*Asks:* 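A single structure is presented below for examination.
Just so we're clear, the structure is a prediction, and the values are computed from it rather than from any experiment. In what follows, chains carry the letters A, B, and so on, assigned in the order in which the sequence lines appear, proteins first and then strands, with residues in each chain numbered from 1.
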Amino acid sequence: MAQLLTRIPKGTRDVLPDEVYKWDYIESVIRSVCRDFNYREIRTPVFEHTELFERGVGDATDIVQKEMYTFEDKGGRSITLRPEGTSPVVRALLQNSLYAGALPVKLFYYNLSCYRYEQPQAGRLREFHQFGVEQFGAGSAAADAEIIMIGYETFRRFGLADTLTLRLNSIGCPNCRKTYREKLVAYLEGHKSELCPTCKERMYRNPMRVFDCKSEICQGIAKDAPFVTDNLCDDCAAHFAALQESLKALGIPFVVDPTIVRGLDYYRGTVFEFVTSTIGAQGTVCGGGRYDGLIEELGGDALSGIGFGLGLERLLLTLEAAGFKFPAPAPVTIYLGAASDDGATDVFLTKLASELRAAGVSVERDLMGRSVKAQMKYADKLGARYAAIIGPDELAKGAVQVRDMQGEGGFELALDNFAAGLKECL
RNA sequence: GUGGGUAUAGCUCAGUUGGUUAGAGCGCCAGGUUGUGGCCCUGGAGGUCCCCGGUUCGAACCCGGAUAUCCACCCCA
């Protein structure tokens, strides 16, 4: 390789021409899902004021900040590249009073690029892309079920319904969570001496992390620890039960997993993840939950919200691991070659290509001045449906032999009516 | 931030105990008579063996460092 001036930044990816069609296909499927559920697209800027992403309180904040791409712009404002999709959407909802119309407000975003300063690994990049849905105003279990259904339906349309596991949990409202937290900490304090150093250290800061600690000893302790799901208040328990009933009625398989945690305080009640084991250690393809506290946190009136984010790179990895066959893009319809490099032929090819394109036929013409044989090889490589080689003979005769590149033989077409003639053969 | 693996042609990779002009497959280009692809055959182009230093008569190979990348940990809004 030649000495390059610079390479792509760590944790970022080029999407090359040979793989763009996969992204196009994913987009078309996801847009069809959003249309069927009647969600409307919203687009927000790549960067926001840093305060927007700093809203969480407590220890989560500085952990979060460590991974944010934050800088000062020329006007002295603190700017951050969005690390996630939900808070910009909430900001836009409030700023544009989208809540003032009929509720619920149902929004989605697609191919939202997000930025986090992390150590890259399988399924984890510094720039990644998300599809997400957000729904505001409905606090019912039916609303939860609809959001989860969108995720499930998306995976189902990709043939991944059996590849992914839906994990479901309720982390309760602030009241029952507080009670539960005290209970859990008290339990852990009883085993303090046995816990691994990490768990000991985060016992007060983030006690629920003990549930996904890798240490066998901690797992043994966690097994008998009190679960959130057994310690919900009556309202939260009823909501969670109703959601599970809905999912059962819909035939959506799930497992209740009390270890699913959300780091930030504004999460309420339902949280869920769609997880796969086929793409490495970062197997959460889709994660979401109810965030009834966020809207107030950002200065709005009390309004419930629920949504999910779905990692498009991880979705692509999952599809490829499953051997998914993406529909191939249509190759060029016809290759126009030059039998000689005289000016008249060249001008004629230019005009003919232009006519065909104006008629909606995709055309590639010789630009390299290569031999006829080399041009035919090139047309073959392109996967062109047809090829026609034009030179003085054809111009004199007013007709050309069109070769069928997918089979044998071909047919003759008049040059003065070529576009119309070719379209009849398509 | 921490740990491990890897780094040789455009791509995927060989490369002997350290020894002369560093290889294969694929891809690319050109030929296999005059103006027609696929299969086959022949030829060609293309390499600072990631970079810097060390050991040695001699380094792609051994040693040290740096960088990049992959994977995992951490974390996961």
Side-chain angles (χ1 to χ4, degrees), chain A residues 1-4 6-13 16 18 52-56 58-68 80 82-90 114-125 128 130 132 197-198 201-202 205-206 209 212-215 260-267 271 273 275 279-284 287-289 291 294 297 307-309 311 314 335-341 345 366 368 370-394 400-410:
Chain A
M1 196 207 314
Q3 195 75 281
L4 297 182
T6 184
R7 294 168 53 83
I8 196 168
K10 192 186 193 77
T12 65
R13 285 273 192 284
L16 301 175
D18 280 346
L52 178 63
F53 303 114
E54 279 179 338
R55 69 301 194 230
D59 297 305
T61 308
D62 47 279
I63 295 166
V64 157
Q65 280 180 349
K66 228 187 264 181
E67 300 210 340
M68 295 203 304
T80 294
R82 64 181 166 219
E84 52 110 11
T86 299
S87 27
V89 169
V90 172
C114 297
Y115 303 84
R116 296 180 194 174
Y117 192 84
E118 309 211 58
Q119 251 354 280
Q121 72 184 80
R124 171 182 277 177
L125 294 167
F128 60 99
Q130 285 195 340
T198 318
E201 191 248 309
R202 64 189 174 191
R205 180 163 47 88
N206 202 348
R209 280 288 167 207
D212 43 35
C213 180
K214 305 292 190 282
S215 149
I260 298 176
V261 181
R262 290 286 107 131
L264 301 180
D265 287 346
Y266 51 76
Y267 280 97
V271 294
E273 296 176 345
V275 183
I279 60 170
Q282 304 297 320
T284 302
Y291 48 84
L294 178 61
E297 183 94 33
F308 68 67
R314 289 185 188 177
Y335 175 84
L336 296 180
S340 73
D341 61 356
T345 299
D366 171 53
M368 299 294 287
R370 281 183 290 215
S371 71
V372 170
K373 179 172 177 170
Q375 290 183 67
M376 291 302 292
K377 283 191 173 183
Y378 180 62
D380 183 54
K381 232 167 291 170
L382 293 176
R385 173 97 182 270
Y386 298 108
I389 303 291
I390 295 171
D393 294 357
E394 285 74 16
V400 65
Q401 198 63 29
V402 176
R403 181 88 169 242
D404 179 354
M405 297 297 284
Q406 304 308 319
E408 294 293 326

*Asks:* Run the side-chain contact (heavy atoms from CB on, under 4.5 Å) test against A:Glu118 and tell me which residues pass, sequence neighbours left out.
*Replies:*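 For A:Glu118 the side-chain contact (heavy atoms from CB on, under 4.5 Å) partners, ignoring immediate neighbours, are A:Glu67, A:Arg116, A:Arg124.
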*Asks:* Taking the minimum atom-to-atom distance to the side chain of A:Gln121, which one of B:A72, B:A77, B:C75 wins?
*Replies:* B:A72
*Asks:* Under 4.0 Å between any heavy atoms, over every strand shown, what does A:Gln401 touch: base, sugar-phosphate, or nothing? Just pick one.
*Replies:* nothing
*Asks:* Pick base, sugar-phosphate or nothing for A:Tyr267, based on heavy-atom distances below 4.0 Å to the nucleic acid.
*Replies:*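 Sugar-phosphate only.
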*Asks:* Out of B:G38, B:C73, B:U69, which has the shortest distance to the side chain of A:Glu408?
*Replies:* B:G38
*Asks:* Quick one: is A:Arg314 getting a side-chain N or O under 4.0 Å of the B:C76 phosphate, OP1 or OP2?
*Replies:*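 Negative; the distance criterion is not met.
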*Asks:* Nearest to the A:Ile389 side chain among B:G35, B:A77, B:C73, which nucleotide is it?
*Replies:*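 Nearest to the side-chain atoms of A:Ile389, counting from C-beta on, is B:G35.
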*Asks:* From C-beta outward on A:Asp393, which listed nucleotide comes closest to its side chain: B:G38, B:G35, B:A77?
*Replies:* B:G35
*Asks:* For a quick check of understanding: with a heavy-atom distance under 4.0 Å over all strands, which category does A:Gly287 fall into, base, sugar-phosphate or nothing?
*Replies:* nothing
*Asks:* What nucleotide among B:G38, B:C28, B:G35 has an atom nearest to a side-chain atom of A:Lys377?
*Replies:* B:G38
*Asks:* What is the distance, rounded to the nearest whole Å, between atom OH of A:Tyr335 and atom C1' of B:G35?
*Replies:* 13 Å
*Asks:* Would you mind classifying the nucleic acid contact of A:Glu394 as base, sugar-phosphate or nothing, using non-hydrogen atoms under 4.0 angstrom?
*Replies:* base
*Asks:* Write down the distance between CD (A:Glu118) and P (B:A72), rounded to a whole number of angstrom.
*Replies:* 13 Å
*Asks:* Could you tell me which residues satisfy side-chain contact (heavy atoms from CB on, under 4.5 Å) with A:Asp404, sequence neighbours excluded, listed by chain and number?
*Replies:*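 Expected list: A:Tyr386, A:Gln406.
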*Asks:* Determine the contact category for A:Gln282: base if any of its heavy atoms lies under 4.0 Å from a base atom, sugar-phosphate if only primed atoms, P, OP1 or OP2 are that close, otherwise nothing.
*Replies:*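 The residue A:Gln282 makes base contact.
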*Asks:* Could you state the atom-to-atom distance from CZ of A:Arg403 to C1' of B:G35 in whole Å?
*Replies:* 12 Å
*Asks:* Remember a base hit wins even if backbone is also touched, and classify A:Ala339 as base, sugar-phosphate or nothing at under 4.0 Å, heavy atoms.
*Replies:*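 Base: the residue A:Ala339, judged by heavy atoms under 4.0 Å, touches a nucleobase.
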*Asks:* Can you tell me how far C1' of B:C26 sits from NZ of A:Lys381, to the nearest Å?
*Replies:* 13 Å
*Asks:* Using a heavy-atom cut-off of 4.0 Å across all strands, would you classify A:Gly123 as base, sugar-phosphate, or nothing?
*Replies:* nothing
*Asks:* Does any nucleotide pair with B:G18 by Watson-Crick or G-U wobble geometry, both distances under 3.5 Å, and what is it?
*Replies:*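 With both distances under 3.5 Å required, B:G18 matches none.
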*Asks:* Pick the closest RNA chain B nucleotide for A:Gln119 and for A:Ser371 by heavy atoms, then say which residue is nearer the 5' end.
*Replies:* A:Gln119
*Asks:* Measure the spacing between OG1 of A:Thr12 and CZ of A:Phe128 and express it to the nearest 0.5 Å.
*Replies:*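 A:Thr12 OG1 to A:Phe128 CZ: 13.5 Å, rounded to 0.5 Å.
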*Asks:* To the nearest angstrom, how far is A:Arg209 atom CZ from B:C73 atom P?
*Replies:*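 From A:Arg209 CZ to B:C73 P: 13 Å.
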*Asks:* Need to verify one output field. Residue with the more 5' nearest nucleotide on RNA chain B, A:Arg124 or A:Gln406?
*Replies:*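 Its nearest nucleotide lies further toward 5', so the answer is A:Gln406.
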*Asks:* Would you mind reading off the distance between A:Lys373 atom NZ and B:G38 atom C1', rounded to a whole angstrom?
*Replies:* 11 Å
*Asks:* Closest to the A:Arg7 side chain: B:G38, B:C71, B:A68?
*Replies:*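 Selected nucleotide: B:A68.
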*Asks:* A:Leu16 CG to B:G27 P: how many Å, rounded?
*Replies:* 19 Å
*Asks:* Quick one: A:Asp18 CG to B:G10 C1', roughly how many Å, whole number?
*Replies:*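 Computing the A:Asp18:CG to B:G10:C1' distance gives 13 Å.
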